[in-house]
Protein chains: 2
Amino acid sequence: MAVRQDIHNSEIPVLCRACEARHRGVCGALTPEQLVELSRHTTKRKVEAGAVLVSDSDTIDSYANVLAGVVKLTKTLPDGRQQIVGLQFAPDFIGRPFKRESSITAEAATAVRVCAFPKTSLDRMISQAPELGHRLHLQALNELDEARDWMLTLGRKTASERVASFLHLIARHGDPEAESDGEISFDLPLTRADIADFLGLTIETVSRQLTKLRKDGLIAVENNRHVTVFDVGKLERRANI
Amino acid sequence: MAVRQDIHNSEIPVLCRACEARHRGVCGALTPEQLVELSRHTTKRKVEAGAVLVSDSDTIDSYANVLAGVVKLTKTLPDGRQQIVGLQFAPDFIGRPFKRESSITAEAATAVRVCAFPKTSLDRMISQAPELGHRLHLQALNELDEARDWMLTLGRKTASERVASFLHLIARHGDPEAESDGEISFDLPLTRADIADFLGLTIETVSRQLTKLRKDGLIAVENNRHVTVFDVGKLERRANI
DNA sequence: CGCGGCATTGAGATGCGTCAAATGCGGTGG
DNA sequence: CCACCGCATTTGACGCATCTCAATGCCGCG
């Protein structure tokens, strides 16, 4: 994969070249000089599925960008019931600006690559680069829209509609332009347990609804993880979009 | 509406004096001159319960601050099932910056007073007053935290826990410092139907859970709307906080 | 005093959860 | 390459929490 060949490319830190976050993510707000400055404190990390990135009620001292893989944001009741309150894909930003404590846990749902940097570095940079603050603001608003969409799903949809909504979410994430009468296939980034935690259901109910979709001829499932949706429009009707 | 020209108070527009949004709300980010500028296009409105402030899929051309009363943010499925995805109290800001269309409906839950101003005025001001953008960012992050808290409630709590959580939310909003072994009483800003839409339950289930709380000696209810919580700590335990 | 809207209560239906067993899949080692 | 093991997933039977439908009660207001 070739690095973009523009004249000033030399100024972009090696670490940041070919990084998606520099284009669509928050780093796109930074000048080459600021990128250099930030990259001085930056580390790329590989994280295996299941590893915890930020733990509930920890004081946060670092932020990160997702470079690859899927990160789940979860909340847990004292007795262990868990709910996924958000999914982060590349090049999403992970972290809660302007607050010392996180109220949620961030955990790798798949193998993940992140680019992590100390909170202080970015916080300092926000005051210098207004565009950076703006991008973070946009991301927060976007996550807010998503959270509220999902509240409707959790509060008012049936199990069948929830599972269809989830498949639709994942499908659309892979191909936002998917024709509503087209076929589309993808790998699920979550286990059944995670899907259940995302949908506010049990593993068994998720499984039953998936087999129902299969028997109704809407989807095919191979090796548990790979899903083909035959008709996105029909799926949307199931999801009550 | 002439502005008096004396040295101290002079600079603050009449409209804005004694307005809560100037202290704890977004207007606190503005200089007196900016307040004057903004207030030129501003109107205070009284809105009766049930009136719609912003309608789903309308193009938004105005923002507002809540001055008094409670505004509910709702989402609705094609078949009419509804979910309240947020409650706004004074001095909250209503509106979705950086987007032309709203994906939610804002409706007065009680009688409400708002201070409304055209989108363009505020959008222009954001670029001039970075502190304003910052306050809006903080509000978005705050709403995001609240939305995610509520996702846990919707996805994983029982009816009994949900109703307790709701009472706790309202109680805490009136008195954030409430002693956890103290008594506290307040008026519910929502009808049973609205509470049900907030909790993802039916009216009947909400009613049954309220009478259960009453029979268990945790609360008293007068005239359907006025609630006394005898022991906030016990309520929290019910809510699984 | 009666009417209309909101809330409560009751009885019965059902969707989803719980518990338990069976199946399938991937990885490991012979 | 195959046999085996452990874990994820599916399937089944059953129970219960919540929904649905219906009747009754309550309160403010004309």
Side-chain angles (χ1 to χ4, degrees), chain A residues 48-50 72 77 79-83 109-111 153-167 187-216 219-227 238-240, chain B residues 48-50 72 77 79-83 109-111 153-167 187-216 219-227 238-240:
Chain A
E48 72 213 13
K72 56 180 179 173
L77 290 172
D79 62 8
R81 280 172 286 171
Q82 200 174 58
Q83 176 68 41
T110 64
T153 299
L154 292 174
R156 289 304 186 197
K157 289 192 184 175
T158 65
S160 156
E161 292 165 336
R162 292 185 204 199
V163 171
S165 297
F166 171 72
L167 292 179
D187 279 321
L188 292 175
L190 303 184
T191 64
R192 298 293 186 274
D194 282 340
I195 297 172
D197 282 347
F198 192 37
L199 297 175
L201 299 170
T202 59
I203 299 179
E204 295 94 326
T205 300
V206 171
S207 177
R208 278 186 252 270
Q209 295 301 334
L210 284 172
T211 64
K212 187 148 181 297
L213 284 171
R214 199 154 36 75
K215 289 188 175 157
D216 291 354
I219 63 171
V221 181
E222 294 157 79
N223 301 336
N224 289 338
R225 286 286 190 133
H226 191 79
V227 174
R238 286 274 173 134
N240 245 313
Chain B
E48 72 213 11
K72 56 181 178 172
L77 289 173
D79 63 7
R81 280 172 285 171
Q82 201 174 57
Q83 176 68 40
T110 64
T153 299
L154 292 174
R156 290 304 186 195
K157 289 191 184 175
T158 65
S160 157
E161 291 164 337
R162 293 185 203 200
V163 171
S165 297
F166 171 72
L167 293 179
D187 279 323
L188 292 175
L190 303 183
T191 64
R192 297 294 186 274
D194 282 340
I195 297 172
D197 282 347
F198 193 37
L199 297 175
L201 299 171
T202 58
I203 299 178
E204 295 93 327
T205 301
V206 170
S207 179
R208 278 186 252 269
Q209 294 301 334
L210 283 172
T211 65
K212 187 148 181 294
L213 284 171
R214 198 155 38 74
K215 288 188 174 156
D216 291 353
I219 64 170
V221 182
E222 295 157 77
N223 300 333
N224 288 336
R225 287 286 191 132
H226 191 79
V227 174
R238 286 274 176 138
N240 244 313

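In this structure the side chain of B/Asn224 reaches within 4.5 angstrom of the side chain of B/Arg192, judged on heavy atoms. For the pair B/Gln83 and B/Leu154, the minimum side-chain heavy-atom distance is below 4.5 Å. At least one side-chain heavy atom of B/Asn240 sits less than 4.5 Å from a side-chain heavy atom of A/Arg81. Using a 4.5 Å heavy-atom threshold, the side chains of A/Leu210 and A/Leu167 count as touching. By the 4.5 Å heavy-atom criterion applied to side chains, B/Thr158 and B/Glu161 are counted as neighbours.
Rounded to 10°, the helix from C/dC1-D/dG30 to C/dG30-D/dC1 has 30° between the axis fitted to its first five pairs and the one fitted to its last five.
For A/Arg162 against A/Leu199, the heavy-atom pair with the smallest separation is NH1-O, 2.8 Å. When all heavy atoms are compared, the tightest approach of B/Ala109 to B/Leu190 is CB-CD2, 3.6 Å.
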Check your understanding: What string of B, S and - do you get for nucleotides 13-19 of chain C 5' to 3' if you count protein non-hydrogen atoms under 4.0 Å?
Key -> ---SSBB

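The NZ-C1' distance, from B/Lys212 to C/dT9, rounds to 16 Å in whole Å. One interatomic measurement links the two molecules: CZ of B/Arg214 to C1' of C/dA7, which rounds to 11 Å at whole-angstrom precision. We find that CD1 of A/Ile203 is positioned 19 Å from P of C/dA22, with the value rounded to whole Å.
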Practice item. Before giving the answer on side-chain hydrogen bond (donor to acceptor under 3.5 Å, both in side chains), spell out for A/Lys212 and A/Ser160 the whole-Å C-alpha distance, their side-chain angles and the decisive distance to 0.1 Å. Key: CA-CA 9 Å; A/Lys212 187 148 181 297; A/Ser160 156; 5.1 Å; no

Check your understanding: Can A/Asp216 and A/Leu213 be said to form a side chain to side chain contact (heavy atoms under 4.5 Å, CB included), step by step?
Key -> CA-CA 5 Å; A/Asp216 291 354; A/Leu213 284 171; 5.8 Å; no

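The backbone N or O of B/Ala164 lies less than 3.5 Å from no partner atom in the side chain of B/Arg238, so there is not a single donor-acceptor pair. Within the 3.5 Å criterion, the main-chain N or O of A/Asp187 finds no donor-acceptor partner in the side chain of A/Arg225.
Considering only residues two or more places apart in sequence or on other chains, B/Arg156 meets the salt bridge (charged side-chain N to carboxylate O under 4.0 Å, His left out) condition with A/Asp197. Among residues two or more places apart in sequence or in another chain, the ring-ring contact (aromatic ring centres under 6.0 Å, His included) test is passed with B/Phe198 by B/Trp150, B/Phe166.
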All N/O contacts under 3.5 Å from nucleotides 24-28 of chain C to the protein, with atom names and distances to one decimal?
none

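Protein chain A touches strand DNA chain D; the 5'-most and 3'-most nucleotides with an atom under 4.0 angstrom of its non-hydrogen atoms are D/dT9 to D/dA13.
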